[in-house]
Q: 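Questions regarding the structure given below will be posed in turn.
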Amino acid sequence: MNNCLLYLLSMIEDRLFSIKKFFRKNRRLPSYSEMLRLFNISSKNAVFKIINKLIDLGFIEKDSKKLSPTKKFFALPLLGVIKAGFPILAEENKDYLTIDDYLIENPQTSFLLKVSGDSMTGVGIFEGDIVIIERKKDAITGSIVLAQIDNEWTLKILKTDRRKHINYLVAANPKYPPFYPLNDLQIYGIVRGVIRKIN
């Protein structure tokens, strides 16, 4: 990749960063005149070229009236693979990935819940984590499920007692006993991912 192309890509990324910052603050894309101030340039033609480049790269789309962000606009750069074993030189191979695409297979049937309690720490789900739930009434044994057991909501691992022919729930923390339903056990969803901020 030659230096001129690297400079152009770097410049486009800087402009995209400024637009994303504006969008986070104002919940909309800037107008062309606002972009003149945002990019600290005086040429509307230069703004037009930058916008066309961002449209070509798939970050922005334009209908007959206005500009709007695409799904890629909210994506983060995926730079490659990093070893968690012995240190090696990381290779940069830039691509873009939206967290939604990575974690959520069916956005139309998915929702988020914030975790309270420590019963699922053994499978890496901690207090304060956000879990991605896909709405489902059926789950296989071993799935981490959102369930209602005797009118109480909980997040647990689904198990089957083959001798008694009933489903029950177990925690991923040995201090909690198994949870057998007295009356009713309903499955409402399956955990598909966990989101955690690391401070």
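Sequential numbering from 1 along the given sequence is applied to the chain's residues. Predicted model only: the values in this text are computed from it and were never measured.
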Q: Do L29 and M35 have side chains that get closer than 4.5 Å, going by heavy atoms?
A: no
Q: Is it true that a side-chain atom of E127 and a backbone atom of S116 form a donor plus acceptor pair closer than 3.5 Å?
A: no
Q: Taking the side chain as C-beta and beyond, is there a heavy-atom pair between D14 and F39 under 4.5 Å?
A: no
Q: Linking I/L/V/M/F/W/Y whenever their side-chain heavy atoms sit closer than 4.5 Å, directly or via other members, would L155 and I149 fall into one cluster?
A: no
Q: Would you say K137 and I187 make side-chain contact, with heavy atoms under 4.5 Å?
A: no
Q: Taking the side chain as C-beta and beyond, is there a heavy-atom pair between R28 and K66 under 4.5 Å?
A: no
Q: Which atoms form the tightest heavy-atom contact between A171 and S119, and what is the distance?
A: CB-O, 3.4 Å
Q: Less than 4.5 Å apart, any side-chain heavy atom of R15 and any of I41?
A: yes
Q: What heavy-atom pair brings T70 and I60 nearest, and what distance separates the two atoms?
A: CG2-C, 3.7 Å
Q: Ring pair (Phe, Tyr, Trp, His ring centres under 6.0 Å): which pairs involve residues 119-167, sequence neighbours left out?
A: W153-Y188
Q: Is there a chain of hydrophobic side chains (I, L, V, M, F, W, Y, each step under 4.5 Å between heavy atoms) that links V194 to L158?
A: no
Q: So, do L38 and F22 sit near enough that their side-chain heavy atoms are less than 4.5 Å apart?
A: yes
Q: Identify the two heavy atoms, one from I133 and one from G189, that lie closest to each other, and give their separation to 0.1 Å.
A: CG2-CA, 3.8 Å
Q: Which atom pair, heavy atoms only, marks the closest approach of T160 to Y168?
A: C-CE2, 3.7 Å
Q: Do the non-hydrogen side-chain atoms of F59 and I19 ever get within less than 4.5 Å of each other?
A: no
Q: Taking the side chain as C-beta and beyond, is there a heavy-atom pair between F179 and L185 under 4.5 Å?
A: no
Q: Which heavy atom of L36 sits nearest a heavy atom of S42, and at what distance?
A: CD2-C, 3.9 Å
Q: Shared ILVMFWY cluster between L16 and L57, side chains joined below 4.5 angstrom?
A: yes
